[in-house]
Amino acid sequence: MALRNLDIDLLRCFVTIADTGSFTRAGERLGRTQSAISLQLKRLEEQLGRTLFVRSPRSLAITPDGERLIGPTRQILRLHDATVAEMFEPDIAGSVRIGVPEDFATAHLPSVLAAFAEAHPLVELEVTCDLTLNLLERFHAGHFDLVLVKRQPTQERHEGVRVWREPLVWVARDRKSAVDYSRVPLVVSPEPCVYRKRATEALDAMGRPWRTAYTSTSLAGSLSAVRAGLGITVLPLEMVPSSLTAVGPEAGLPALYDTEIALIEAAGLSDTAHRLAQHIIAALERGRGT
């Protein structure tokens with residue numbers, strides 16, 4: 001059987017369409033016309049003998065065959081780009097501005113950024129922690145090269161690449177304290193906050209009364225309030241400290257959606273910033289064991 005090869009440019013076109021959700025936006029990112037993007041996708045589909053997207057005048061949806069292809073394709077592109085950089089490019093330099101939710105920056109990102117800084121000592125990283133909605137507002141105003149943001153797993157994914165997903169849980173000082181309230185006392189971040197909204201909407205849907213007991217702008221402040229017994233909060237499962245307790249239905253609390261983190265790159269991104277983005281995606285995928 002003859003060996004078959006897939007063109008790197010066609011694979012990159014496919015992934016970019018999937019990430020942007022649009023032929024037009026994919027063309028803008030790759031510096032090609034919409035018709036050129038359409039032609040490249042058609043060539044790839046002909047090579048594979050499979051349809052990768054279902055297109056209509058108002059929507060673009062990836063097919064099951066496209067879903068099967070996208071994971072391996074991302075790995076191929078990352079390995080390809082890393083090899084090209086290693087063989088042909090000088091060490092990168094410059095600054096990268098990145099916005100991150102505080103809890104994710106605290107739990108998952110330090111080792112990822114440290115590894116990148118060690119490999120590229122001439123790069124200056126400027127990291128800002130804030131609430132997701134504030135990060136998005138500042139990103140669209142041009143203040144960041146990259147942002148990591150929280151989002152609903154069910155929402156449209158036309159902006160950004162998912163890099164992390166894990167369960168959200170209620171967190172209390174202990175199991176007894178979680179069931180002792182007629183109105184659930186919440187320890188939350190200021191509005192706008194994705195987790196705050198997730199908690200209150202879930203309680204409202206269940207019909208369980210709640211009140212805001214403590215508001216803190218920092219993760220450390222929220223955890224201290226929960227330890228002091230001022231109320232309960234919401235955290236990703238992996239971030240629950242050993243000194244606190246994850247609780248759920250046994251405490252009369254509703255189930256919560258998973259949390260999902262997406263990485264969004266600004267238009268016209270520098271090679272340095274793009275390299276960091278690829279590093280973050282690859283490192284977090286390894287951290288999830290995928």
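Any value given below was found using the heavy atoms of this structure, including those in side chains, with hydrogens, waters and symmetry copies removed. Just so you know, these numbers come straight off a predicted model, no measurement behind them.
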To the nearest 0.5 Å, how far apart are CD1 in Ile70 and CD in Gln75?
11.5 Å

Gap between atom CD of Glu238 and atom OG1 of Thr259 - 0.5 Å precision:
11.5 Å

Give, for atom CD of Glu28 and atom OG of Ser22, the distance between the pair rounded to the nearest 0.5 Å.
7.0 Å

Exercise: do Gln34 and Thr24 side chains pair donor with acceptor under 3.5 Å:
yes

Would Val123 and Leu276 count as a side chain to side chain contact (heavy atoms under 4.5 Å, CB included) here? Give the steps.
CA-CA 10 Å; Val123 176; Leu276 174 59; over 6 Å; no

For residues Leu223 and Leu256: do they belong to one hydrophobic cluster (side chain heavy atoms under 4.5 Å, members Ile, Leu, Val, Met, Phe, Trp, Tyr)?
no

Can you find a heavy atom in the side chain of Arg196 that is under 4.5 Å from one in the side chain of Thr212?
yes

Check whether any side-chain N or O of Arg97 sits under 3.5 Å from a backbone N or O of Gly142 as a donor-acceptor pair, and report yes or no.
yes

May I ask you to test the Val147-Val100 pair for a side-chain heavy-atom distance under 4.5 Å?
no

Quick check for you: to the nearest 0.5 Å, what is the distance between Leu136 atom CG and Lys150 atom NZ?
12.0 Å

Please confirm whether the backbone N or O of Thr245 pairs with a side-chain atom of Trp170, one donor and one acceptor, at under 3.5 Å?
no

What one should report as the nearest heavy-atom pair of Ala26 and Ile17 is CB-CG1, 3.8 Å

Please tell me whether Tyr214 and Leu235 are part of a single hydrophobic cluster in this structure, the criterion being side-chain heavy atoms less than 4.5 Å apart.
yes

Specify the closest pair of heavy atoms between Leu11 and Leu44, including all atoms of both residues, with the distance to one decimal.
CD2-CD1, 4.2 Å

I'd like to know if Asp9 pairs up with Arg43 as an ion pair, taking the criterion as any Lys NZ or Arg NE/NH1/NH2 lying under 4.0 Å from an Asp or Glu carboxylate oxygen.
no

Does Val163 reach the side chain of Leu148, with side-chain heavy atoms less than 4.5 Å apart?
yes

Note: Leu146 and Ala273 closest approach over all heavy atoms is CD1-O, 3.7 Å

Where is the tightest heavy-atom contact between Ala213 and Pro185, given as atom of each residue plus distance?
CB-CB, 3.6 Å

To the nearest 0.5 Å, what is the distance between CD (Glu191) and NZ (Lys197)?
10.0 Å

Between Glu260 and Arg162, is a salt bridge (Lys or Arg N to Asp or Glu O under 4.0 Å) present by the stated rule, with each step listed?
CA-CA 7 Å; Glu260 183 170 292; Arg162 188 181 78 185; 3.7 Å; yes

Do Ser35 and Thr33 have side-chain N/O donor and acceptor atoms under 3.5 Å apart?
yes

Has Arg211 got a side-chain atom pairing as donor or acceptor with Leu186's backbone, closer than 3.5 angstrom?
no

Taking it one step at a time, do Glu102 and Leu131 satisfy side chain to side chain contact (heavy atoms under 4.5 Å, CB included)?
CA-CA 7 Å; Glu102 182 193 6; Leu131 302 175; over 6 Å; no

Identified side-chain contact (heavy atoms from CB on, under 4.5 Å) partner of Leu237 from the options Val171, Asp258, Val169
Val169

Side-chain heavy-atom pair Arg208, Val184 within 4.5 angstrom cut-off
yes

Do Val247 and Val188 belong together in a cluster built from hydrophobic side chains that touch within less than 4.5 Å?
yes

Is the shortest side-chain heavy-atom distance between Ile98 and Glu126 below 4.5 Å?
no

Test item: Thr63 side-chain N/O and Leu52 main-chain N/O as donor-acceptor pair under 3.5 Å
yes

When you group the ILVMFWY residues by side-chain heavy-atom contacts below 4.5 Å and let the links chain together, are Val240 and Leu219 in the same group?
yes

Show your reasoning for whether side chain to side chain contact (heavy atoms under 4.5 Å, CB included) applies to Ile264 and Val149.
CA-CA 8 Å; Ile264 309 176; Val149 295; 4.0 Å; yes

Can you find a heavy atom in the side chain of Thr73 that is under 4.5 Å from one in the side chain of Leu77?
yes

Rounded to the nearest 0.5 Å, how far does CG of Leu263 lie from CD1 of Ile280?
5.5 Å

Side chains of Thr233 and Tyr195: any donor to acceptor distance under 3.5 Å?
no

Modelled atom types, side-chain donor and acceptor of Arg227 and Ser243, under 3.5 Å
yes

So, His80 side chain and Ile8 main chain: donor-acceptor pair closer than 3.5 Å or not?
no

Given side chain to side chain contact (heavy atoms under 4.5 Å, CB included), test Ile261 with Arg151 step by step and report yes or no.
CA-CA 6 Å; Ile261 302 292; Arg151 68 182 183 188; over 6 Å; no

Using the ring pair (Phe, Tyr, Trp, His ring centres under 6.0 Å) criterion, which residues pair with Phe14? Sequence neighbours excluded.
Phe53

Would you check if Ser189 and Thr215 make a side-chain contact, meaning some heavy-atom pair closer than 4.5 Å?
no

Using side-chain heavy atoms (C-beta onward) and a distance below 4.5 Å, is Asp19 in contact with Arg74?
yes

When Ile, Leu, Val, Met, Phe, Trp and Tyr are grouped by side-chain heavy atoms lying under 4.5 Å apart, directly or through other members, which residues fall in the same group as Leu122?
none

NZ/NE/NH1/NH2 to OD/OE distance under 4.0 Å, Arg55 and Glu45
yes

Is there a donor-acceptor pair under 3.5 Å between the side chain of Ser222 and the backbone N or O of Val187?
no

For the student: nearest non-hydrogen atoms of Arg12 and Leu30, plus distance
CD-CD2, 4.2 Å

Residues, nucleotides or ligands: over 12 heavy atoms within 6.0 Å of Glu137 CD:
no

Scanning both residues in full, the closest heavy-atom pair of Ala105 with Pro110 reads O-CD, 2.8 Å

Donor-acceptor pair, Arg25 side chain versus Thr20 backbone, under 3.5 Å?
yes

Please tell me whether Phe139 and His143 form a close aromatic pair, meaning their ring centres lie under 6.0 Å apart.
no

Is Glu250 reaching over with its side chain to a backbone N or O of Gly248, donor-acceptor style, under 3.5 angstrom?
yes

Do Phe144 and Val127 share a hydrophobic cluster (ILVMFWY, side-chain heavy atoms under 4.5 Å, transitive)?
no

